[in-house]
Q: 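I am attaching a structure below and will ask some questions about it afterwards.
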There are 2 protein chains.
Amino acid sequence: MKAEIVEILKNSQLHITENRLKILEVLQKNAHALSHADIEKLTGKLFDRITIYRTLQTFVEKGIVHIIPTSDNSIMYALCKEECSAGHHHDDHVHFICSSCGTTYCLDQVSVPAVQIPKGFSAHDTNVVINGVCKNCR
Amino acid sequence: MKAEIVEILKNSQLHITENRLKILEVLQKNAHALSHADIEKLTGKLFDRITIYRTLQTFVEKGIVHIIPTSDNSIMYALCKEECSAGHHHDDHVHFICSSCGTTYCLDQVSVPAVQIPKGFSAHDTNVVINGVCKNCR
DNA sequence: GTAACTGCAAAATATTTGCATCCTT
DNA sequence: AAGGATGCAAATATTTTGCAGTTAC
């Protein structure tokens, strides 16, 4: 498990540091996506908020994590699957945000449906976020 | 046209003020969605930023405008169609963000496809945002 | 007249940048 | 050793809150 995380960093040609290992660890442990604030808490404030900003930014650039935008203007981060590469995210799954507990799920099993778009537009990537109530909150 | 805007406010039992008329006017004039900063510029800085915050918040609550979350953590605002009511948005259309010019389009003609979600989850509302290149930028 | 709305001030929060130091390779 | 990564300080931007004055109804 830890070895797996190390592999991820190596593949992206990033230095292996305590900070990055820890952040990847909490992302991996939690099935759902985390906000910057969540990560700050879960890492036990071992690191600077600023370092977390920079680390997450690096991860997004390298295709290690992906972002899920939510309607309340907070960004959620989640680990990408193998298909992602630097600069090219293929989040072909649907996201689900529970309005009761606030948890953001990556529904890996559910793939994004094809959407017809108007002539002249070309799609690069499609984002589906569903709001509702999750299985734990009913 | 102006009368139409006045109607919108009346229907939501909001006072008709210069501020609100102006903000609705710029939202109506622009076919695409606007950020807070856009609105601030387009209203010619006639009003306080704070008033704009509060006005937009009120509009969202009343179902007059809807929010489109973007991956870069900025919120875009756009006028709702008639189907929306207070507390209940029915944005059953797809949004498109051009990565070249940054314009956010409401693709009113394109409706959101049905998405199968796992057992135990219940969907309340589905959000589809497509990133790509728009017809003006190719 | 009354409740809703606005503007100003100030506080709280979030994010970015520069630079010196430290660590991974 | 060299370049990447981190932490601290500080600058900047964003959003929220309280309150007094103003305005629409």
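Computation of the quantities below employed the complete heavy-atom set of this structure, encompassing side-chain atoms and omitting hydrogens, waters and symmetry-equivalent molecules. Residue numbers begin at 1 in each chain, while the letters A, B, ... track the order of the sequences.
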Q: As a test of reading the structure: which of C/dG7, C/dA4, D/dG4 is closest to the side chain of A/H15, going by heavy atoms?
A: D/dG4
Q: Should B/E25 and B/K29 count as an ion pair when the cut-off is N to O under 4.0 Å?
A: yes
Q: Taking the side chain of A/Y53 as its heavy atoms from C-beta onward, which of D/dT17, D/dC8, C/dA14 lies nearest to it?
A: C/dA14
Q: Among the candidates D/dG7, C/dC5, C/dA9, find the nucleotide nearest to the side-chain atoms of A/T51.
A: D/dG7
Q: In whole Å, what is the span from the CG atom of B/N19 to the C1' atom of D/dA24?
A: 13 Å
Q: Students often get this wrong, so: under 4.0 angstrom with heavy atoms, is A/R49 touching a base, only sugar-phosphate, or nothing?
A: base
Q: How long is the line joining CD1 of A/I52 and C1' of D/dA5, in whole Å?
A: 14 Å
Q: Can you tell me how far C1' of C/dT25 sits from CD1 of A/I16, to the nearest Å?
A: 10 Å
Q: Closest approach to the side chain of B/R20, judged atom by atom: which nucleotide of C/dC8, C/dT6, D/dA24 is it?
A: C/dT6
Q: Does the ring center of B/H95 lie less than 6.0 Å from the ring center of B/H32?
A: no
Q: Expressed as a whole number of angstroms, how long is the span from A/K45:NZ to D/dG7:P?
A: 14 Å
Q: State yes or no: are the ring centers of A/H36 and A/Y53 separated by less than 6.0 Å?
A: yes
Q: Atom CG of A/D48 and atom P of D/dT6: how far apart are they, to the nearest Å?
A: 10 Å
Q: Taking CG from A/L9 and C1' from D/dA5, how many angstroms apart are they, rounded to a whole number?
A: 12 Å
Q: To the side chain of B/T17, which of C/dT17, D/dA5, D/dA24 is closest?
A: D/dA24
Q: Can you check the B/I50 CD1 to C/dA10 P distance for me, whole Å?
A: 12 Å
Q: Would one find more than 12 heavy atoms of other residues, nucleotides or ligands at under 6.0 Å from atom CD of A/E7?
A: yes
Q: Between A/Y105 and B/F121, is the ring pair (Phe, Tyr, Trp, His ring centres under 6.0 Å) condition met? List the steps.
A: CA-CA 11 Å; A/Y105 297 84; B/F121 289 73; 5.2 Å; yes
Q: Could you check B/Q57 against B/K10 and say which one's nearest nucleotide on DNA chain D is further toward the 5' end?
A: B/Q57
Q: When you measure only distances, ignoring hydrogens and angles, does the side chain of A/R54 come within 3.5 Å of the base of D/dG7 through a donor and an acceptor?
A: yes
Q: Find the distance A/H36:NE2 to C/dT16:P and express it as a whole number of Å.
A: 10 Å
